[in-house]
Amino acid sequence: MSITKYIIVTGGVLSGLGKGIAAASIGHLLSSRLKIIPIKCDGYLNVDPGTMNPFEHGEVFVLDDGGEVDMDFGHYERFLGIACKSKWNLTMGKIFHMVREKERRGDYLGHTVQYIPHVTDIIKGHVYEIAREESADLIIVEIGGTVGDIENELFLEAMRQMKEDVGRENIVYIHLTYVPIPYGVSEQKSKPTQQSVNLLKQRGIFPDVIIGRCSEFLSKEVKLKISNFCDVSPEAVITGLDVDDIYEIPIVFEKEGIAEILHKKLNIYSPPDLRKWKKLIENIRNPKGEITVAMCGKYTRLEDSYASIIESLNHCSAHLGCKINLEWIETTDLTETKALDGIDGVIVPGGFGSRGIEGKIEIIRRAREENIPFLGLCLGLQLAVVEYARNVCHLKGANSTEFDPDTPYPVIDILPEQKNIKEKGGTMRLGAYEAILKKETIVSKLYKSNVISERHRHRYEVNPVYHKNLTDKGLVFSGTSQDGRLVEFIELPELTCFVATQAHPELKSRMENPSPLFYGFAQACLHRKVKK
Ligand code: GLN
């Protein structure tokens with residue numbers, strides 16, 4: 001077996017500079033010949049981000065195995081074209097849980113359990129175990145946060161120690177920093193980078209490559225300056241250019257020569273092949289058409305909460321050569337008069353809690369009555385069922401018991417097997433589930449298959465008691481679980497594109513392979529626009 005090589009990505013100066021995208025882009029560039037496994041270390045004490053507010057932390061990304069992980073895994077999957085595992089997201093919450101279990105079991109009998117070596121050993125052990133299990137050629141470890149944050153110190157310490165374990169020639173440290181051009185100075189400034197690298201060096205990590213996030217390509221002068229002050233070669237100072245579209249980052253990095261540097265430093269050879277990628281990006285840059293899609297949600301103020309949906313639409317954009325404008329509709333204060341003028345399609349995304357629910361139901365009614373393409377995702381399916389029950393099946397007051405526990409018609413409900421679960425973390429229907437698609441339906445035509453698998457993250461389901469009421473009135477269950485008990489897809493065959501799913505297909509959409517459901521929806525929006 002070949003030796004696993006390691007790339008450690010840290011960040012400095014500011015948070016939010018795009019370490020995840022940088023790590024994913026590097027992975028993309030090196031993936032032609034190597035098996036690459038991404039690992040993300042997060043300093044928080046939650047076991048996983050599943051219990052956090054997406055408004056604060058961004059979207060919770062769900063994997064096939066049901067793991068609720070940091071949204072950076074979305075970037076890894078989309079850029080690397082792989083399916084990640086929850087074990088690859090290492091949070092301090094998980095680590096402390098492991099340390100405590102080991103201590104209680106008596107694994108440390110006679111010892112004082114300490115941060116170093118016990119916690120750092122667990123971190124390193126976890127990384128090496130993944131390398132072994134996956135027979136990885138290259139592991140890219142991204143350390144969350146910014147150098148100097150207390151909560152990430154133990155991760156940095158473990159990464160420092162790794163060079164001794166794996167050999168200096170098998171590990172590269174990449175530091176992402178910020179190079180500002182202050183107003184009125186009009187000059188790229190390297191001081192924040194120097195200071196950030198100093199913080200890293202104080203921790204015993206000497207970066208091999210520095211990526212400077214900047215609104216322009218870094219000048220030769222600033223690269224030399226950073227090279228001098230930070231002890232890296234000038235070619236190893238790479239621009240992390242501000243771009244309109246994150247998918248341009250691999251192209252920028254390729255231009256900056258990062259692949260050659262990493263080849264040299266790690267003694268690997270895996271030349272980037274960006275031909276297909278560049279063509280898709282070109283389509284996004286030069287769209288031939290344009291559509292406007294309404295996104296109705298509660299967290300509309302924070303686009304990170306819907307990152308995967310936005311990316312799925314970008315993937316459609318690239319394949320259809322069509323610009324997709326998003327119109328955010330905050331349904332909490334929706335007024336009756338706001339019409340869907342100028343809208344070519346409506347998405348009702350997933351969500352929790354009762355705020356904004358009635359507004360979303362109202363929008364679904366309009367989409368159905370006006371035959372506007374509609375895509376319901378998880379909560380979107382549940383509300384489409386509530387709307388249909390109320391307005392077509394005449395079940396007055398029908399609702400989900402999540403929003404009205406006393407509704408006379410609980411068309412959406414928690415199934416008996418979920419009812420006794422009291423804990424919140426990791427207890428939803430999570431991860432990949434198979435659905436059997438009905439022949440000749442919109443969804444089976446889009447998926448070009450009768451058995452498909454999508455990821456889930458929810459507690460409530462269409463209540464089997466009402467299946468007959470709904471289907472008798474024309475709602476088609478176009479995808480169900482094998483036993484027919486769980487409704488996975490619904491559609492209205494007489495409308496152009498009225499589809500919804502209990503799953504989150506946005507989690508599996510890739511730039512090179514867009515989600516069939518999103519693709520069909522975007523296509524329907526485009527047709528409608530052209531016909532008008
Ligand atoms: N709140 C709903 C449920 O738990 C929908 C969840 C979602 O949209 N992800 O079933």
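Atoms within each ligand, like the ligands themselves, are counted from 1 in listed order.
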Atom 10 (O) of ligand 1 [closest protein heavy-atom partner, distance rounded to 0.1 Å]: Tyr460 N, 2.8 Å
Aromatic plane relationship, Phe79 with Trp277 - under 30° parallel, 30 to 60° tilted, over 60° perpendicular: tilted
Shortest protein heavy-atom distance from atom 4 (O) of ligand 1, along with the residue and atom involved: Arg459 N, 2.9 Å
Leu379 N/O to ligand 1 N/O under 3.5 Å: yes
Shortest protein contact, atom 9 (N) of ligand 1 (heavy atom only): Arg457 O, 2.8 Å
Glu68/Arg457 ion pair, N-O < 4.0 Å: yes
Salt bridge Glu488-Arg429, side-chain N to carboxylate O under 4.0 Å: yes
Residue of the set Asn371, Ile442, Leu475 for which side-chain contact (heavy atoms from CB on, under 4.5 Å) holds with Leu492: Leu475
Proximal ligand 1 atoms for Gly351, defined as those under 4.0 Å from one of its heavy atoms: 1 (N), 2 (C), 5 (C), 6 (C), 7 (C), 8 (O)
Name of the residue among Val530, Thr292, Ile372 meeting side-chain contact (heavy atoms from CB on, under 4.5 Å) with Asp344: Thr292
4.0 Å heavy-atom contact, Gln382 with ligand 1: yes
Distance from atom 7 (C) of ligand 1 to nearest protein heavy atom, with residue and atom: Cys378 SG, 3.0 Å
Pairing of Arg285 and Glu248 as salt bridge, 4.0 angstrom limit: yes
Identity and distance of the protein heavy atom lying nearest atom 2 (C) of ligand 1: Glu402 OE1, 3.3 Å
Plane angle bin for Tyr76 and Phe73 - parallel if under 30°, tilted between 30 and 60°, otherwise perpendicular: perpendicular
Ligand 1 atoms in contact with His458 (distance to a heavy atom under 4.0 Å): 3 (C), 4 (O), 6 (C), 10 (O)
Contact with ligand 1 for His504, non-hydrogen, under 4.0 angstrom: yes
